[in-house]
Amino acid sequence: MASRAANRGALHEGFLRHNGFRWLKIASVLCITALAAYLLVDAEPRPNGGTAVGYALGTIGALLILWLTMLGLRKRVISRGRYSLKAWTSAHVYLGLSLITIVTLHTGFQLGWNVHTLAYALMMIVVLSGIWGVIAYGTLPRTLSANRGEATQGQMLEGLRLLDRQLHDAAQPLLPRQSEMVRESLENCSVGGGLYARLTGRHRRCGNARALTAVKAELRAGRPDPGQRLSLIVSLLERKEAALGQARRHIRTRALLEVWLYIHVPATFALIAALTAHIVSVFYYW
Amino acid sequence: MSESFRVAIIGSGPAGLSAAAHAAKLGLRHVLIEKTDHLSDTIFRYQRGKHVMATPSQLVLRSDVAFDAGKREAVLGRWDEDARSAGVNLLLNTEVKAIAGAAGAFTLTLSGGKTIQAETVVLAIGTQGNPNTMRCEGGNSPWVQYSLDDPAEYVDEHIIVIGAGDAGIENAIGLAADPEQRNTVTILNRSADFARAKDANVKGLNAARDAGRLSILLESSPTKIEPGFMTVETRDGEARLPCNRVIARMGSSPPRKFIESCGVQFSSDDREAFPTLSPTFESTTPGLYVIGALAGYPLIKHCMNQGYDVIEFIAGNIALKPADEPILEKKLTGLPGRRSVAEWLDFLRERVEILNDLSPLQMREFLLDSDVRAYARGEVVFQRNDAGSSLFGIAAGSVLVEVSATDPSITVPIAQGSIFGEVGLISGRRRGATIRAAEDCILVEVSRLAALKLMASVPAAKRAINRITTERLLLQMFGSGLRKEDLGPLVASAEVMTVRKGDCIIKEGEEGSDIFAIRSGSMVIEKLIGGKPVFLSYLPAGSYVGEMALIDNSRRTATVRAAIKSDVIKLDGNAFRWLLSVQPELLAKAKRDMAARRDLNGFIESKKDSFGGVIDLYSSVATFLVEQGVGEATDVLLIDETLCVGCDNCEKACADSHDGLSRLDREAGRTYAHLHVPTSCRHCEHPHCMADCPPNAIHRGPDGEVFIDDSCIGCGNCERNCPYGVIRMDKVPPKKPSLLSWLTLGLGPGPGEPSKAWSYKHAKSAEAPKKAIKCDMCAGQSGGPACVRACPTGAAIRVSPEDFLSIALLDRSGG
Ligand SMILES: Cc1cc2nc3c(=O)[nH]c(=O)nc-3n(C[C@H](O)[C@H](O)[C@H](O)COP(=O)(O)OP(=O)(O)OC[C@H]3O[C@@H](n4cnc5c(N)ncnc54)[C@H](O)[C@@H]3O)c2cc1C
Ligand code: HEM
């Protein structure tokens with residue numbers, strides 16, 4: 001039983017710990033070897049991309065970048081065969097990080113305003129956004145899970161639609177001015193919205209909040225409330241406020257889990273273009 | 001004087017209709033009696049537009065009524081026409097209430113009190129039975145109905161739905177779904193919860209109630225129905241509710257009672273038993289014939305062929321060969337010894353003990369669901385740890401069981417006439433030993449379904465199987481060195497008992513020395529620590545408990561309760577003590593097992609002080625998983641929500657590796673302490689979905705996966721029977737453009753299941769049948785389940801309960 005339990009433990013590791021940090025170890029060895037080569041091999045006149053070590057590091061770096069890009073394909077091609085996307089992600093993260101060492105050494109710290117440094121800068125953007133992604137992947141899932149409980153996104157939206165229907169029905173006997181207030185909640189209230197709203201979960205001028213304030217004010221002003229309609233509406237609006245909060249937090253967390261990819265992936269394409277230019281120009285001007 | 005017929009056919013389903021048409025063709029004086037106002041009520045009640053399938057395809061149709069796969073409406077339309085043109089003498093809206101008399105002079109009492117006379121009677125009333133009816137005053141009012149075809153039909157009504165099963169809940173939700181209909185819907189439930197219904201349905205019902213669309217009345221039952229009102233007995237006294245319509249969905253009672261009252265005997269008291277019939281479908285009452293689903297043949301083609309055959313038999317053509325003869329012939333070709341089908345049937349029946357009591361008709365049916373194969377000396381029949389739930393009978397030759405996992409030379413023989421493989425059948429677990437042919441032999445492989453049918457219909461077979469399983473289970477559990485003979489007194493003391501989910505077989509602190517062996521199902525062991533029950537471990541079928549108190553002469557040290565409905569074998573403590581005293585090896589083994597358990601207890605107790613919270617979490621997570629049915633699972637998908645980023649790549653991978661349909665709903669399902677059990681198949685030990693599959697299309701594959709083959713007829717029984725809601729009915733979407741053209745040109749819907757709208761727009765042929773879709777664990781794909789392979793963070797894992805409901809949980813919660 002003990003061996004089986006250990007085995008399960010292995011299955012249960014997340015991508016960062018995958019296989020006892022195997023890729024962290026491999027990437028570290030890679031970096032240390034690169035550093036040793038850089039320091040030990042006496043390059044003339046000074047270390048840069050043109051020396052033997054420089055070529056080696058450059059080739060490794062370029063191949064790594066191409067391989068790292070392949071993750072996008074690996075994720076979507078559901079082929080047969082024994083592979084694990086988790087292992088790929090693990091290797092992606094650690095080998096991606098090793099690029100910082102490998103490519104920086106490749107440059108020999110010779111940076112300037114040219115296409116070569118552009119490629120370097122783009123790579124650093126990709127890597128930094130990747131680090132952001134790993135932090136997001138490491139921290140946000142708990143938030144997502146805790147917020148949704150057992151509700152699915154579909155159920156959250158369905159719940160809101162239901163509340164809207166009840167609000168609509170409950171507002172029928174109201175005075176036109178008052179039902180106008182409720183209409184605010186029905187018509188000017190969104191869960192997702194624009195980029196800013198999605199990422200922050202903040203919805204300024206949210207129709208529901210305004211409707212709630214307005215109807216509460218109406219009650220406080222002591223307007224007649226036959227059949228306690230207004231009180232019912234307040235409680236419905238409050239329930240909707242809570243449901244909106246949950247749905248918006250859900251959308252927000254999901255957006256935060258994804259938004260870094262909108263830098264990571266386009267920057268990758270830019271990087272590949274710049275990398276191509278870098279390699280072509282190096283060989284052209286040789 | 002009432003009318004008199006040569007043959008009266010009761011029930012106008014495919015079986016009865018085909019019989020009546022053939023009777024008409026032969027010019028027999030006949031009548032076809034149907035209780036509803038249309039032909040073939042079972043098919044009439046399929047959902048609109050359902051594609052009716054004509055399986056098995058290799059079976060030829062022998063009937064005067066046409067039948068081909070197609071839409072329900074087309075099939076029914078054709079039958080109406082054929083019945084008319086054949087000149088069937090049809091009596092609609094007439095229910096047969098009683099059958100009395102004997103061959104040559106039966107008297108049928110019809111609804112309304114009329115009677116008719118018939119020389120022979122053909123019973124073809126199917127298995128649907130009658131809905132349970134309202135017993136209270138006014139229960140027969142015309143506004144009380146037992147089915148609901150279209151909830152959109154009713155507007156502005158006070159409707160009360162009675163019944164707490166899925167049917168009632170679905171009806172209530174349907175009636176209240178559209179507020180425009182302005183119905184006031186109430187659902188009445190006699191008990192305090194909806195334990196019989198599916199979780200998803202109960203949730204839907206509660207949501208509809210919270211939304212104010214319907215009311216739920218618990219612990220109430222109707223006492224009186226009158227125009228415009230219903231009086232209801234509730235916990236707080238009587239209430240009178242406005243009511244224009246009552247929809248009673250209180251289940252249906254099988255037609256067995258009625259059939260028995262007509263003098264037809266069943267083969268046993270089991271719920272699954274069928275009437276005892278001769279090869280010509282004649283029941284134990286001469287002149288009274290039974291055909292169709294009621295006779296155990298649940299497919300339309302079978303039913304229609306039998307309708308034809310039974311009329312031939314009645315007309316005197318006893319020599320008629322059944323239409324399935326070619327299928328059996330094909331099954332039996334290639335076997336050594338040239339025998340005809342009939343000779344083979346006799347050969348097998350005489351030589352395999354459990355088949356001895358079968359009638360020739362049962363034998364035919366049995367063989368349709370089974371396989372006969374020849375094995376050469378030394379050939380492996382199955383391997384240890386293979387998945388498999390079939391049973392083997394030895395018709396000729398003998399086999400060897402490799403009882404030791406490490407040394408194949410240690411074997412135990414099983415002789416001709418006996419069976420093997422029964423442990424897989426009973427417990428649903430993997431094969432416990434490798435079996436090979438000791439000499440050239442002929443084996444019958446009995447599918448799980450056929451074996452269950454056999455046990456239900458032949459009591460002697462059931463007894464034999466039970467005796468052999470008990471013996472072998474004990475031998476297997478207590479390990480090597482033990483022989484059948486040694487077990488004598490223990491087996492004699494054995495008592496098989498069924499334990500309901502949640503019930504205890506052993507209580508901590510009590511006296512007792514009996515040993516319990518788990519035959520099917522599973523148990524959990526709990527111990528009170530600091531006043532709270534703590535989950536200690538999970539016991540799958542094939543293990544035993546209770547030996548600790550016996551060996552130590554102490555009180556019970558933990559509580560053992562059933563994780564799901566289970567069968568256990570209770571063994572007398574004294575008989576076991578005696579066995580231990582004469583078998584020192586067994587005693588040593590028992591002590592070893594015990595030491596391991598005691599270590600675990602000690603470990604948990606020791607952790608309790610330092611990590612009380614951790615143990616609590618471990619224990620409650622385990623309990624949660626058991627509640628989610630993980631206890632009856634063989635392999636379940638879990639999602640660690642501390643790692644899940646919600647990318648749904650698991651669902652996309654599932655769809656892309658299965659015809660574009662995902663068999664998994666990641667987001668839905670229960671969650672506890674960030675451990676999520678998504679809506680996905682658990683591959684139960686005793687799959688509920690297999691219970692009632694007319695074409696027998698659900699099987700367990702070689703890797704333990706429960707899968708549905710192409711013969712699915714789309715009836716939806718499995719979907720309804722699955723308590724976890726993991727089967728859905730859908731049709732295969734059109735093929736998507738390649739991934740490359742999506743990536744580069746943006747063509748098609750991209751990875752994953754295409755939207756309904758996209759599929760609809762790109763559908764090629766008009767009619768693709770909906771079939772049942774479920775997880776097959778990616779059987780046949782190297783690399784294993786795509787959902788797990790495609791998870792980028794390692795959140796998705798597949799586990800079997802023994803592996804997971806263990807200390808591994810503790811590691812997890814410990815961080
Ligand atoms: C949803 C669903 C889908 C299915 N799809 C398929 C499919 O695609 N292909 C396939 O081959 N099989 C299918 N089946 C199985 C098939 O429908 C049945 O096995 C078949 O209808 C059985 O035929 P039968 O003639 O024995 O009985 P039934 O078709 O059940 O007919 C019995 C008839 O007897 C009448 N009756 C009952 N009691 C009395 C009485 N006392 N007096 C007078 N009349 C009475 C009933 O009203 C009914 O009309 C499906 C089953 C279901 C539930
Ligand atoms: C130059 C180096 C890199 C390149 C070219 C690169 C490229 C890519 C690409 C193309 C994807 C696929 C996105 C998608 O299809 O969804 C991806 C995903 C990802 N990358 Fe990178 N990446 C690089 C470095 C890094 C680094 C250094 C990290 C982390 C420290 C990282 C973390 C990730 C993560 C977490 C994902 C998401 C995996 C998933 O959800 O499937 N990347 N990267």
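Order of the sequence lines sets the chain letters (A, B, ...), proteins ahead of strands, with each chain counted from 1.
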Quiz prompt | Most chain A-contacting option - heavy-atom pairs closer than 4.5 Å, from B:P751, B:C644, B:S657, B:A208 | solution = B:C644
Exercise. Among A:L71, A:L68, A:L24, A:V134, find the one that has a side-chain contact (heavy atoms from CB on, under 4.5 Å) with A:V93.
Key: A:V134
Quiz item: Is chain B contacted by the side chain of A:I78, its backbone, both, or neither, given a heavy-atom distance below 4.5 Å?
Solution: side chain
Quiz item: Which of the residues B:A207, B:P179, B:A653, B:G784 is involved in the greatest number of heavy-atom pairs with chain A at under 4.5 angstrom?
Solution: B:A653
Quiz item: Would the A:W132 and A:Y137 ring centres measure less than 6.0 Å apart?
Solution: no
Exercise. Could you have a look at A:R82, A:K75, A:R142 and say which one has the most heavy-atom pairs with chain B under 4.5 angstrom?
Key: A:R142
Quiz item: Where on B:L739 is there a heavy atom nearer than 4.5 Å to chain A: the side chain, the backbone, both, or neither?
Solution: side chain
Can you give the donor-acceptor pairs under 3.5 Å from side chains of residues 268-275 of chain A to other protein atoms, not counting sequence neighbours?
from	atom 1	to	atom 2	distance (Å)
A:T268	OG1	A:H264	O	2.6

Quiz item: Which atoms form the tightest heavy-atom contact between B:W742 and B:G748, and what is the distance?
Solution: CD1-O, 3.5 Å
Self-check item: Enclosure of A:Q172 CD (heavy-atom neighbours >12, cutoff 6.0 Å)
Solution: yes
Exercise. For chain B, find its close neighbours in residues 241-254 of chain A: heavy-atom separation under 4.5 Å, sorted by number, or none.
Key: A:H250, A:R254
Quiz item: Between B:D656, B:T793, B:D665, which has the largest tally of heavy atom pairs under 4.5 Å with chain A?
Solution: B:T793
Quiz item: Considering only heavy atoms, which portion of A:R148 lies under 4.5 Å from any heavy atom of chain B: side chain, backbone, both, or neither?
Solution: side chain
Practice problem: Please state whether the side chain, the backbone, both or neither of B:L638 comes within less than 4.5 Å of a heavy atom of chain A. | Solution: neither
Quiz item: What part of A:T139 lies closer than 4.5 angstrom to a heavy atom of chain B: side chain, backbone, both or neither?
Solution: neither
Quiz prompt | B:E753: which of B:K652, B:R728, B:K736, B:R663 passes salt bridge (Lys or Arg N to Asp or Glu O under 4.0 Å) | solution = B:R728
Quiz item: When you check the gap from the basic side-chain N to the acidic O, do B:K589 and B:D593 get nearer than 4.0 Å?
Solution: yes
Quiz item: Taking the six-membered ring where the residue is Trp, are the ring centres of A:W88 and A:W67 under 6.0 Å apart?
Solution: yes
Quiz item: Side chain, backbone, both or neither: which part of A:Q153 has an atom under 4.5 Å from a heavy atom of chain B?
Solution: both
Exercise. Side chain from CB out, backbone as N, CA, C, O: work out which of these in A:L257 comes under 4.5 Å of a heavy atom of chain B, or both, or neither.
Key: side chain
Exercise. Salt-bridge test for A:K240 and A:D164: reply yes if a basic N is under 4.0 Å from a carboxylate O, no otherwise.
Key: yes
Quiz item: Using non-hydrogen atoms only, which part of B:A668 is less than 4.5 Å away from chain A: side chain, backbone, both, or neither?
Solution: both
Exercise. Kindly compute the distance separating OG1 (B:T642) from CG (A:L144), expressed to the nearest 0.5 Å.
Key: 12.0 Å
Quiz item: Could B:R670 and B:F624 be counted as a cation-pi pair, given that NZ or CZ must be under 6.0 Å from the ring centre and within 45° of the axis?
Solution: no
Practice problem: Output the distance between atom CZ (A:R198) and atom NE2 (A:H203), rounded to the nearest 0.5 Å. | Solution: 8.5 Å
